[in-house]
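Only one structure is covered here, and it is reproduced in the block below.
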There are 2 protein chains.
Amino acid sequence: MNRRTATESKESILEAAIKVFSEKGYSQTTIREVAKRAGISVGGVYIYFKNKEEIYFTLLKYLLDEFRDRAGESIKDIEDPAEAVKNYIAINLNYAKKFKGLILIEGREHGFTSCIDIKKKFFKGQRKLLESIIKNGIDSGKFERCNIKGTAKVIIGTLRGFILSLVMDSDSLFSPEECSVLILNGILKRGKK
Amino acid sequence: MNRRTATESKESILEAAIKVFSEKGYSQTTIREVAKRAGISVGGVYIYFKNKEEIYFTLLKYLLDEFRDRAGESIKDIEDPAEAVKNYIAINLNYAKKFKGLILIEGREHGFTSCIDIKKKFFKGQRKLLESIIKNGIDSGKFERCNIKGTAKVIIGTLRGFILSLVMDSDSLFSPEECSVLILNGILKRGKK
DNA sequence: AAATAGAATGAACGCAAGTTCATGTGAACA
DNA sequence: TGTTCACATGAACTTGCGTTCATTCTATTT
């Protein structure tokens, strides 16, 4: 065979792409730089991907799928719902730290409908996961009775904020524990209403 | 004088720019479109602004200043710290709704140091504001004793998430009330630890 | 009416980036 | 050794956009 197989080349392009996209965002990322870092020529990139958008889409899909699997896996055996929430938060923050740059891109930058679709699906799935934890919490009497769907949305919103903060200004860091404490306990003094 | 004064022209450029930036993001915004919407020629834009970046910077600074003033104003006479937090959250969400598009740009897209500086200053100011509310809450016995700085950071992070959620997927809306409830009370059942 | 100056124009320039394609390379097999 | 096929190249093409500037317009002044 040749120096590299098609699969190897494709993978090195994706590996390079994830780095460049993370560092520069979507618009500022050039095929030339991705190619350079992947150790392939500009034209070579177009053997494996139809265009820039397809590279990005492939990457996004891969990461979302991987995250969903890991998150689901690491929660499924936890009994205590509060513990499950803590764990879920921790996983999110870890992943966010690892893929800082890409998360920022997701704010906007490109409005590919293809990407929007898989993102919506992803978030919906995550919401369902959370809802099941909350339901568990209420049924077992550990969580305040509440609107499950609404609460799940709020928690996801909260998480998103932690992630964004983590990702935007690395100086104002706070730990997963601090996040969990706020989500679980709130800031009002217990016993007062 | 002429058809329009310099001030009028400058303002109509800014008004057009805020719309286009909101709709398209920074990179996708073209001077040509801003000019068109402002009812001025391409060259005309460059009479009033050095370049694209300066337009964006001017806009950002204006909005941050305005927000800071409004937020400060609307909180300063509120006694009850929980009420002040609620109010602060509501103002944030309202403003976010109004300037959806621009907020998304702020995730990344451009790394102008000039913009980063005024943003940092802004967020620092907001954090101080929150810290004073929290301190007030603890002193008056209504808030759980806590690390004030840390808590302020966490609340800002939380808010950021609510805002992002509000801005990204308009279908998964939740009300300022729901947000306040979570931040103030948490999701754990009161009385249990 | 002529002169002046502030405001405005838009064709043209330069450059950067996505994409294409005619051509090259080298391993495997005949 | 020659042929084939998969992989690879990078110059060239195209497009789009930020920016400039020689020129025009119009209202005020002289």
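Computed from heavy atoms alone, side chains included, the values below leave out hydrogens, waters and symmetry copies. Reminder, nothing fancy here: chain letters follow the sequence lines and each chain counts from 1.
- Under the side chain to side chain donor-acceptor pair (under 3.5 Å) criterion, K76(A) pairs with E73(A), not counting sequence neighbours.
- For F67(B), the ring pair (Phe, Tyr, Trp, His ring centres under 6.0 Å) criterion is met by Y95(B), F122(B), not counting sequence neighbours.
- To the nearest angstrom, P of dT25(C) lies 18 Å from CZ of R4(A).
- Y88(A) meets the side chain to side chain donor-acceptor pair (under 3.5 Å) test with Q126(A); sequence neighbours excluded.
- Look at NZ on K10(B): it is 16 Å from C1' on dG6(C), rounded to the nearest Å.
- Each of dA8(D), dT19(D), dT19(C) was ranked by its minimum atom distance to the side chain of N51(B); first place goes to dT19(D).
- Here dC17(D) presents its P atom at 14 Å from OH of Y26(B), a figure rounded to the nearest Å.
- Rounded to whole Å, the distance from OH on Y56(A) to P on dG18(C) is 15 Å.
- Atom C1' of nucleotide dA7(C) and atom CD1 of I13(B) are separated by 11 Å, given to the nearest angstrom.
- Sequence order on DNA chain D of the closest nucleotides to G44(B) and G43(A) puts G43(A) first from the 5' end.
- A search for salt bridge (Lys or Arg N to Asp or Glu O under 4.0 Å) contacts involving D69(A) returns nothing, not counting sequence neighbours.
- The shortest distance between the side-chain N/O atoms of Y46(A) and the OP1/OP2 oxygens of dT19(C) is below 4.0 Å.
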*Taking it one step at a time, do Y62(B) and L14(B) satisfy side chain to side chain contact (heavy atoms under 4.5 Å, CB included)?*
CA-CA 10 Å; Y62(B) 173 77; L14(B) 285 174; over 6 Å; no
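- For the pair K52(A) NZ and dT15(D) P, the computed distance is 18 Å after rounding to whole Å.
- Using a 4.0 Å cut-off on heavy atoms, the residues of residues 35-42 of chain A that approach DNA chain C are V42(A), listed by number.
- Here dA16(C) presents its C1' atom at 13 Å from NZ of K24(A), a figure rounded to the nearest Å.
- When the P atom of dC21(D) is taken as reference, atom CD1 of I31(B) falls 17 Å away, rounded to whole Å.
- Side-chain atoms of I47(B) lie closest to dT9(C) of the nucleotides dA8(D), dG18(C), dT9(C).
- Residues forming a salt bridge (Lys or Arg N to Asp or Glu O under 4.0 Å) with K61(B) (at least two apart in sequence, or on another chain): D65(B).
- Within the 4.0 Å cut-off from OP1 or OP2 of dA8(D), at least one side-chain nitrogen or oxygen of S9(A) is found.
- In this structure, T30(B) does not reach the dG16(D) phosphate: none of its side-chain N or O atoms is under 4.0 Å from OP1 or OP2.
- For dG16(D), its base never sits under 3.5 Å from the side chain of R32(B) at any donor and acceptor pair.
- Each of I78(A) and L130(A) belongs to its own hydrophobic cluster when Ile, Leu, Val, Met, Phe, Trp and Tyr are linked at side-chain heavy-atom distances under 4.5 angstrom.
- Across all strands shown, T29(A) has heavy atoms under 4.0 Å from sugar-phosphate atoms exclusively, and none from any base.
- Dashed line: the shortest gap from a side-chain N or O of Y48(A) to OP1 or OP2 of dC7(D) is not under 4.0 Å.
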